[in-house]
Amino acid sequence: MCGIVAYIGEKEAYPILIKGLKRLEYRGYDSAGVALLNGELKVYKCKGKVADLENYIQKNAIQPDGKVGIGHTRWATHGEPNDKNAHPHYSENERLAIIHNGIIENYSPLKEELQKRGHKFRSDTDTEVLIHLIEDIQKNENVDTATAVRIALNQVIGAYAIVIINKDNINQLIAAKKGSPLVIGMGKGEYFVASDATPIVEYTRNVIYLEDEEIAVIERSGVQVKTIKNQVKTPYVQELELQLEMLEKGGYDHFMLKEIYEQPRSIKDSMRGRIDSNKGIVAVGGIKDYEKKLMEANRIIILGCGTSWHAGLVGEYLFEDLARIPVEVEYASEFRYRNPIINEGDVILAISQSGETADTLAAIELAKAKGATILGICNVVGSSIARATHAGSYTHAGPEIGVASTKAFTAQVTVLTLMALSIARMKQTLSESTFRQIMVELEALPEKVERVLKTNAKIKYIADLFKDATNFLYLGRGYCFPVALEGALKLKEISYIHAEGYPAAEMKHGPIALIDEEMPVVVIATKNSIYEKVLSNIQEVKARRGKIIAIVTEGDTLVSKTADYTIEIPDVHDCLTPILAAVPLQLLSYHIAVMRGCNVDQPRNLAKSVTVE
Ligand code: G6P
């Protein structure tokens, strides 16, 4: 969480910082601030979004000048979201200022020590402690700022991506990272630093991804990288593939809607070059060297958080059903703290859109330390998780900016399907005809998603009827149980309506007590082997006068006899239903949230990239 951006060059820094912060706002929007160097070192910051910072600057007739600057958009960890806790933070003598993404875990003893030495703190943040520590070291040991940063970082426990600006050196930014991501954009005589490449791409395509425990001293003449142990490093400059238009709304009211509508393309991109039904080939290139390991795996342990965890649950059905490999799906945050048993022959599969989720990353490191083979499915190219795994596949869904994940989910499930199918092929756990059928249907999915998107008007109509409900229940069975969880999560995240996903048959063990005529129940009731069972579950809801919104297979006549409203999706092989069934649930949440006046792209308290535990 938290987005950081910095600039040094010949242009005015403020507009670059503001634009960059807007791109990074998905990482948190509790407060925003900038520090600019123009003879003076000035910090401007306030509670709220980047737009609030702009208003504050305008209202107070501030001229935010300077060709060196740092900016921050915050997701609060230590200290409530208010003006004083907003970043940047000054050092004691106000000659240094810092922006930080991460958590300094041992800030409390460091703070006490500094207080004993006369330091006075203006905020409740861990970050301010770090910049005071740097100033203290610089003063006491009489070293330059970069050396003081290096010494300080050796005393710090926790995660950080930081950039420091120095009033006494107008030609320098100092950046460092551990755990949280940091990218340096290499322009001509100008440099950019950011949490990801999105604020950088319109200025330069050449970037360096800093590694953990590296410090970069960035001057107009070049970048020097050292480790915190003082070893000189030669950074690898890579070229960005990101396109600027991918970061714009492209005529849609919200990024979330744009991303929902992008799914025919993103699903196609996830399959590109990996499947050819004419030749009977499914191959996921990124994991080629580990296919045998996967094929022989005694168990696959899937790790993820949030929506990625839901994709993992679909993965469990896929790998077990198609490739006959036992799967366990774990919340990364639980896995890492319970001394998990990892046996030889287990393969870990970590799923993450951002590739930066702190719990997933830590779980990977733990499993790695236990000798496990780790594969990844990430969306963001070059992200920390993508780099921490032994091998992996990108989802190629393109940048996802709406905080609620949509196209990343369907792309993750697509890649999981391809993986399961390719292993099934090698293990010969599927008949030739089933294998061929699934392949053909996979290739037809983008067009079927288009058809689902055409039901938007009906979904909007249904949304209007239920927008004032206070609770929703989502039910699904088999492959669609995880979709029920995901549907409920989408509604919670963006409309703030309480929603629960349940396996349809489990309803009678608890949630049925909640059902009355006020309770909308969304049921995924597509035609499959347990269709009749789901029909019985629908009857049970109806008997309690619940309102039923059913996702059904095109042409279904049975469910509509009982359900209050139906939304049709094309017929598809059971294992591909999650991809199609997820789409109407995304649209339903979207419309309800918009009708309730919620900020769908930046829901309260959430962030897209959760880089704290
Ligand atoms: C946050 C986001 C979710 C996402 C989860 C895991 O909670 O708001 O949309 O599913 O993190 O993120 P990851 O990037 O690891 O998929």
Side-chain angles (χ1 to χ4, degrees), residues 1-3 24-30 75 77 101 179-181 195-196 198 255-256 259-260 266 270 302-315 329-336 348-365 374 376-389 392-395 397-413 415-416 482-483 485-496 501 582 585-586 589-590 593 598-613:
M1 355 281 266
C2 297
L24 293 174
E25 228 172 0
Y26 73 88
R27 303 177 68 86
Y29 27 83
D30 288 333
W75 188 85
T77 55
N101 164 212
S180 306
S195 301
D196 70 29
T198 58
F255 280 111
M256 182 179 177
E259 288 155 9
I260 292 172
S266 54
S270 303
I302 300 183
L303 302 176
C305 301
T307 291
S308 296
W309 183 77
H310 292 157
L313 288 179
V314 180
V329 189
E330 302 262 8
Y331 287 114
S333 53
E334 287 299 309
F335 177 83
R336 57 181 291 205
I348 306 273
L349 183 53
I351 307 178
S352 174
Q353 186 287 129
S354 63
E356 301 296 346
T357 303
D359 281 317
T360 311
L361 196 54
I364 289 171
E365 297 303 348
I374 324 246
I377 297 179
C378 292
N379 192 39
V380 177
V381 176
S383 54
S384 304
I385 292 174
R387 285 180 289 137
T389 47
S393 296
Y394 285 116
T395 42
E400 192 180 64
I401 292 164
V403 165
S405 187
T406 52
K407 64 174 179 172
F409 174 76
T410 47
Q412 288 164 344
V413 176
V415 172
L416 284 162
V483 183
L485 294 179
E486 175 59 9
L489 176 65
K490 286 294 82 93
L491 191 70
K492 264 185 282 210
E493 283 179 311
I494 60 171
S495 73
Y496 319 138
L585 303 189
Q586 296 165 349
S589 306
Y590 171 79
C598 301
N599 185 339
V600 287
D601 282 339
Q602 295 177 345
R604 70 182 179 208
N605 304 338
L606 297 178
K608 185 141 195 77
S609 180
V610 183
T611 54
V612 295
E613 294 177 22

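Values below: every heavy atom of this structure, side chains too, minus hydrogens, waters and symmetry copies. The first residue in the sequence is number 1, and the count goes up from there. We count ligands from 1, going down the list as the structure has it; atoms in each ligand are counted the same way.
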Seminar exercise, completed: A student checking ligand 1 against K608 at a 4.0 Å heavy-atom cut-off should list atoms 1 (C), 2 (C), 11 (O)

Seminar exercise, completed: for atom 9 (O) of ligand 1, nearest protein heavy atom and its distance come out as V403 O, 3.3 Å

For this session: May I ask you to list the atoms of ligand 1 that are less than 4.0 angstrom from any heavy atom of S352?
Result: 13 (P), 14 (O), 15 (O), 16 (O)

Problem set entry | Contact (N/O only, under 3.5 Å) between G306 and ligand 1 | no

Exercise. side-chain contact (heavy atoms from CB on, under 4.5 Å) with T395: which of V381, V380, T410, I377?
Worked result: I377

Exercise. Is there a donor-acceptor contact under 3.5 Å from the side chain of E356 to the main chain of S383?
Worked result: no

Exercise. Can you tell me if C305 has a non-hydrogen atom under 4.0 Å from ligand 1?
Worked result: yes

Problem set entry | Backbone of P603 reached by a side-chain donor or acceptor of E493 within 3.5 Å | no

For this session: State whether the side chain of T389 and the backbone N or O of A386 hold a donor-acceptor pair below 3.5 Å, judged by distance alone.
Result: yes

Exercise. How far is atom 12 (O) of ligand 1 from its nearest protein heavy atom, and which residue and atom is that?
Worked result: T357 OG1, 3.3 Å

Exercise. Is the backbone of L24 close enough, under 3.5 Å, to the side chain of K608 for a donor and an acceptor to pair up by distance?
Worked result: no

Problem set entry | Numbered atoms of ligand 1 (with element) below 4.0 Å of S405, judged on heavy atoms | 9 (O)

Exercise. Is a side-chain N or O of N379 found less than 3.5 angstrom from the main chain of G398, in a donor-acceptor match?
Worked result: yes

Exercise. With no hydrogens and no angle check, do the side chains of S308 and Q353 hold a donor and an acceptor under 3.5 Å apart?
Worked result: no

Problem set entry | Distance from atom 10 (O) of ligand 1 to nearest protein heavy atom, with residue and atom | T307 N, 2.9 Å

Problem set entry | Y29 side-chain N/O to A607 backbone N/O, donor-acceptor pair under 3.5 Å | no

Seminar exercise, completed: In this structure, atom 7 (O) of ligand 1 is nearest to the protein heavy atom V610 CG2, 3.9 Å

Problem set entry | Sub-3.5 Å N/O-N/O distance, Q353 and ligand 1 | yes

For this session: Taking only heavy atoms of S308 into account, list the atoms of ligand 1 that are under 4.0 Å away from them.
Result: 10 (O), 13 (P), 16 (O)

For this session: Starting from atom 8 (O) of ligand 1, locate the nearest protein heavy atom and write down its residue, its atom name and how far away it is, to 0.1 Å.
Result: A607 O, 3.0 Å

Exercise. Would you say Y590's side chain and I260's backbone share a donor-acceptor pair under 3.5 angstrom?
Worked result: no

Problem set entry | Of the listed options G304, A408, S354, A332, closest to atom 14 (O) of ligand 1 (non-hydrogen atoms) | S354

